Structures are given as C-alpha cells and as structure tokens.
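For reference, the structure is listed below as structure tokens.
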Amino acid sequence: QVQLVESGGGLVQAGGSLRLSCEASGCTFSNYAMGWFRQAPGKEREFVAAISWSGGMTYYADSVKGRFTISRDNAKNTVYLQMNSLNAEDTAAYYCALDLRRRYVGGADYYAKESTFDSWGQGTQVTVAS
C-alpha cells in the first residue's frame with residue numbers, strides 16, 4: 001500500500017525558511033499528483049499547495065502564494081515544499097497527500113479538496129516563533 005513520510009519540520013523564527021519533504025513508497029510515484037495541507041491547533045485542515053504528476057502544473061492557496069514553492073523529484077519519489085518568509089500564521093502540522101487518479105490533471109478547485117486525495121502522511125510540525 002501507499003506510504004507517505006514527511007520530514008523537515010521544526011522551529012523557525014519569523015521571516016525564516018524551511019523545506020519539507022515527503023517520500024512516497026508502494027506506488028509508481030511519477031503517475032500521481034501530490035498535495036500539501038496543514039492544520040493549525042483548533043482549526044480545520046486546509047489546502048496549501050499541489051503539483052501535477054509531471055510537475056508541470058502547480059497550485060497554491062492564496063495565503064502562501066509567492067512564499068511557498070512545491071516541487072517534485074520523481075526519481076527520488078519525493079515531493080517538496082519550500083517555505084520562505086514564514087510567519088506565526090504558518091504554524092501548523094503539515095501533511096502530504098497523494099491523488100490516486102493515474103496521470104489525471106485537475107484544476108485548482110479539485111486539488112483544494114481533502115477528498116481528492118487518497119493517501120496521507122502522518123504529518124510534520126512547523127512552528128514559527130514571532
């Protein structure tokens with residue numbers, strides 16, 4: 001079965017950067033779109049970014065556009081989330097997720113929904129100190 005393992009979270013000062021990684025196993029990673037979501041304490045999980053199976057299309061929540069970059073390395077079965085100019089509102093547990101529709105490219109609304117994604121990682125905590 002598909003397994004997703006996130007890493008790279010931690011404590012960072014406001015204005016700093018972190019890069020999250022998510023390594024997939026149990027599937028042909030290059031066939032599937034990937035997404036990042038986050039959940040802050042007391043809040044619902046929200047969409048952060050997504051990337052198509054080929055890496056040719058990317059999608060971002062308005063709150064992170066221009067600060068975060070999603071990318072993938074299909075040779076390493078890994079998706080990344082580069083996070084710059086972090087602020088306290090970015091504090092959350094970050095989850096990667098995989099859409100099992102093989103080589104399907106949806107639109108922004110499609111990837112913004114949790115229900116689009118079939119497999120989820122355990123999450124990695126990001127804490128931004130102000």
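Treat the numbers as computed from the prediction; the structure is a model and nothing was measured.
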Any donor-acceptor N/O pair, R38 side chain to V126 backbone, under 3.5 Å: no
Indicate if M83 and V79 have the same hydrophobic cluster label, given that clusters are the connected sets of ILVMFWY residues with side-chain heavy-atom separations under 4.5 angstrom. yes
Do other residues, nucleotides or ligands put more than 12 heavy atoms under 6.0 Å from K65 NZ? yes
Gap separating the OG atom of S85 from the CZ atom of F68, nearest 0.5 angstrom: 9.0 Å
So which atom in V128 and which in D90 form the shortest heavy-atom distance, rounded to 0.1 Å? CG2-CB, 4.3 Å
Would you say the side chain of Y94 lies within less than 4.5 Å of the side chain of C22, judging by non-hydrogen atoms? no
Within one Ile-Leu-Val-Met-Phe-Trp-Tyr cluster: V2 and M34, side-chain cutoff 4.5 Å: yes
Is there a path from Y95 to L18 through hydrophobic residues (I, L, V, M, F, W, Y) whose side chains come within less than 4.5 Å of each other? no
Does the ring centre of F37 sit less than 6.0 Å away from the ring centre of W120? yes
Between D118 and Y32: side-chain donor-acceptor atoms closer than 3.5 Å: no
For the atom pair CG (N77) and CD (E23), what is the distance rounded to the nearest 0.5 Å? 6.5 Å
Is there a donor-acceptor pair under 3.5 Å between the side chain of Y60 and the backbone N or O of I70? yes
Considering non-hydrogen atoms only, spot the tightest contact between S21 and W36 and give its length. O-CH2, 3.7 Å
Under 3.5 Å: donor-acceptor pair, side chain of T58, backbone of I51: no
Rounded to the nearest 0.5 Å, what's the gap from OH on Y104 to CH2 on W53? Could you check? 14.5 Å
Determine whether a donor-acceptor pair (N or O, by modelled atom type, separation under 3.5 Å) exists between the side chain of R72 and the backbone of S52. yes
Starting at CG of L11, measure out to CD of Q125 and round the result to the nearest 0.5 Å. 10.0 Å
Applying the 4.5 Å side-chain criterion to the ILVMFWY set and letting contacts propagate, would F117 and L81 be lumped into a single cluster? no
Would a single hydrophobic cluster contain both L20 and L98, if residues Ile, Leu, Val, Met, Phe, Trp and Tyr are joined by side-chain heavy-atom contacts under 4.5 Å? yes
Any donor and acceptor pair, going by atom type alone, linking the side chain of Q122 with main-chain N or O of V5 inside 3.5 Å? no
To the nearest 0.5 angstrom, please state how far the CG atom of N87 sits from the CD atom of E89. 4.5 Å
Which atoms form the tightest heavy-atom contact between S17 and Q82, and what is the distance? CB-NE2, 3.9 Å
Steps toward side-chain contact (heavy atoms from CB on, under 4.5 Å) verdict (M57, Y111): CA-CA 11 Å; M57 298 293 290; Y111 291 114; over 6 Å; no
How about F47 and Y59: are their ring centroids closer than 6.0 Å? no
Considering all heavy atoms of both residues, which atom of A92 and which atom of A40 are nearest to each other, and what is their separation? CB-N, 3.8 Å
Report the distance from atom CG of L4 to atom OG of S25, rounding to the nearest 0.5 Å. 7.5 Å
